Number of protein chains: 2
Amino acid sequence: MSDHSIDIKISKASKSKIESVDFNNLDFGKVFTDHMFVCDYKNGAWQTPEITPYQPLTIAPSARVFHYGQAVFEGMKAFKDEQDQIWMFRPEDNHDRINKSSVRMAIPEFPKDVFFEGLTQLLHLEKDWIQKGKGNSLYIRPFVIATEEAISASPANTYKFMIICSPAQSYYAGEVRVLFAEEFSRAADGGVGFAKAAGNYGAQFYPTSLANKKGYQQIIWTDASTHEYLEEAGTMNIFFRVGDTLLTTPTSDRILDGITRKSLIQLAEDTNIDVEIRQISVAEIKEAARKGELKEIFGAGTAAVINPISGFEHAGEKFELPKLDDSYATFFKEKLLNIQYNISEDPHGWRFRV
Amino acid sequence: MSDHSIDIKISKASKSKIESVDFNNLDFGKVFTDHMFVCDYKNGAWQTPEITPYQPLTIAPSARVFHYGQAVFEGMKAFKDEQDQIWMFRPEDNHDRINKSSVRMAIPEFPKDVFFEGLTQLLHLEKDWIQKGKGNSLYIRPFVIATEEAISASPANTYKFMIICSPAQSYYAGEVRVLFAEEFSRAADGGVGFAKAAGNYGAQFYPTSLANKKGYQQIIWTDASTHEYLEEAGTMNIFFRVGDTLLTTPTSDRILDGITRKSLIQLAEDTNIDVEIRQISVAEIKEAARKGELKEIFGAGTAAVINPISGFEHAGEKFELPKLDDSYATFFKEKLLNIQYNISEDPHGWRFRV
């Protein structure tokens, strides 16, 4: 799909960096492709979009993004099938969501046609960076930053919308254990937790670094008021399997409306797995673990896909989860990847041919 | 005070912009002085600091500050007295606080000696930008941004600490009316509300823009759990005068430990004005307003100094405050400015000669 009514100015990189990249040893988010998509907002309108070589920005030290975190982002992936066709997964939902995030952060919404035309042309240019094989993908990072040179605490008049791309294998390696939050919080009712607002992520780094020191790779956040209810993992939504029922928290103004999350709920319905979308208390999960009824916990998100969790700690109590042959995490991950890589049918029309 | 053990590399601007500035018509935070202070963090240490011409940064689009809001800042002011001496107000507290903010945002702390030496040398270079006369000042913005070129959701390995300066008159012009928050929130318990973390500010822009449309310049935030207790105004702490007693909220992990706020509490004690530092409910303030006992509301912060509020709205009810001859806001503002501009005694040693 290509909309030729949208004029994108393209300056190609003189030489590709691709030869220098070891695709079998990628650290997540450290290597970027040859080009990027850029569109500036000024005088009340998005200007002519450009694709340029991936290069540093020249930006004033007074730009509001540095001072007030007026910035939002999305995470998407492109996959290559055995016929060298490129696919994305529900990208319209990412476009909808970046605009929802933007509204909450007082950033102007980005037009859908320019988003898709920019994405398409960029991915066509970068097609060699998308490696075949399940688990390989091109991670795509659309983001918007406030660029106005003024440090008054109010929304900027100028912005930069960009898309940069980074080849990816899987996000987390090795076993993941998590800490249930008891003191720190991720989001307030009436706040920006549902948005992919930049500041939501930086705010998690310190509590997560404390968890890392205790041997936990991630935190499962609890509600800020009582710390009694489980919410999300910051970069992933979270699922619990108790008996053969899958539990996950409803989305709210604190919790990201994850695309992997809702796809997984649909796949569960398709395969007659019971899903309960409701408040989940720390107490009931610990009780289920003690009784041996808690079979799995896993995270779901674009970067992580589905991330099985092998144990957790809360209030000094440690729990290990069983290793299952019939894991839901494995089952759903396989189902999802088969759709994403154009291996299986796509009954819900989630695949998007680039 | 100048510490010659700290080596600062100085490159002066070839020509000053000062002639082009109309100091009688300054928009807050839009004009910057000729120089800036920059210090990079890499390989686990802060590197040789520099003072350079104020100029754009060259920074990768993948720098973590753009994606995850890993950034903190401070606000300070420099004042010039009638003898052309330059003064600051309790700057050690700003240094302490930027480091507290940094710890919470997983940013390395900045050394006190380099902070003060950089600040001093920068202000000496920019002394002509500090205009005499009460209300005139040089607004000083230290800030730290995460610069590492990597979009994994974890703390950066490289940072930039900077100080930029902007000549200022007063922050708010005209009458200020406020909305008490009923739906949106600023901070969660266990979150980053106490820190000057960039994302705290961008997150307020949208609710504030809705308030602006209703005719209110600011929001007084309430607690996220119940919206029953008044917290702070986002860029200011908040004081209520009921009868002749001053009320203000205790600081917490949701509320900034404001330097103007604590100075004002001290000035009240010095002048035998009763101050109650305790939770303040929306209900009691509305009740006091109905009874005619609510005499004043005002904000206190570095940019705003003391900002009288002339009315408020909550749950559709509007209240106007009386215009007083013996206003605490005017009294405290005068006291504070006289200390800041080296007009009165400084019994607590708050002034700092640059």
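Just so it is clear, the values below take in all heavy atoms, side chains as well, and ignore hydrogens, waters and symmetry mates. In the text below, chain A, chain B and the rest are named by the order of the sequence lines, each starting its count at 1. Note that this is a predicted model, so its numbers are computed, not measured.
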Residue from A181(B), A150(B), A71(B) scoring the most non-hydrogen pairs under 4.5 Å with chain A is A150(B)
Please rank D223(B), V192(B), I164(B) by heavy-atom pairs under 4.5 Å with chain A and give me the top one. I164(B)
Heavy-atom side-chain contact between P61(A) and F143(B) under 4.5 Å: yes
Between the side chain of R104(A) and the main-chain N/O of A203(B), is any donor-acceptor distance below 3.5 Å? yes
Taking every non-hydrogen pair under 4.5 Å, which of N212(B), V38(B), V103(B) racks up the most with chain A? V103(B)
Using a 4.5 angstrom heavy-atom cutoff, name the option from E149(B), K30(B), R141(B), E183(B) with the most pairs to chain A. R141(B)
Is L57(A) in contact with chain B via its backbone, its side chain, both, or neither, using a 4.5 Å heavy-atom distance? both
Proximal component of I59(A), with respect to chain B [non-hydrogen, under 4.5 Å]: both
What residue in A224(A), S225(A), P155(A) has the most heavy-atom pairs under 4.5 Å with chain B? P155(A)
Please classify the contact of E148(B) with chain A as side chain, backbone, both or neither, using a heavy-atom distance under 4.5 Å. side chain
Leading residue by heavy atom contact count with chain B [cutoff under 4.5 Å; candidates R186(A), Q70(A), M36(A)]: Q70(A)
Using side-chain heavy atoms (C-beta onward) and a distance below 4.5 Å, is I151(A) in contact with Y139(B)? yes
Aromatic ring proximity, centroids under 6.0 angstrom, Y201(A) and H67(B): no
Okay, F66(A) and chain B: the region with an atom under 4.5 Å from a heavy atom over there is both
Name the region of F184(A), side chain, backbone, both or neither, that has any atom closer than 4.5 Å to a heavy atom of chain B. both
Between V144(B) and chain A, which part of the residue has a heavy atom less than 4.5 Å away: side chain, backbone, both or neither? neither
Look at A146(A), A188(A), S209(A) and state which one has the largest set of heavy-atom pairs under 4.5 Å with chain B. A188(A)
Tell me which of these, G69(A), A63(A), P207(A), G190(A), has more heavy-atom pairs under 4.5 Å with chain B than the rest. G190(A)
Please classify the contact between T208(A) and chain B as side chain, backbone, both or neither, with a heavy-atom cut-off of under 4.5 Å. neither
Closest-packed option against chain B by number of heavy-atom pairs under 4.5 Å, given G191(A), A60(A), A106(A), S62(A): S62(A)
Can you tell me which of Y54(B), Y206(B), F32(B) forms the most heavy-atom pairs within a distance under 4.5 Å of chain A? Y206(B)
Which one of T226(B), I107(B), V72(B), T58(B) has the most heavy-atom pairs closer than 4.5 Å to chain A? T58(B)
If you draw a 6.0 Å radius around NZ in K42(B), do more than 12 non-hydrogen atoms from other residues or ligands fall strictly inside? no
Report yes if some heavy atom in the side chain of R254(B) is under 4.5 Å from a heavy atom in the side chain of S185(A); otherwise report no. no
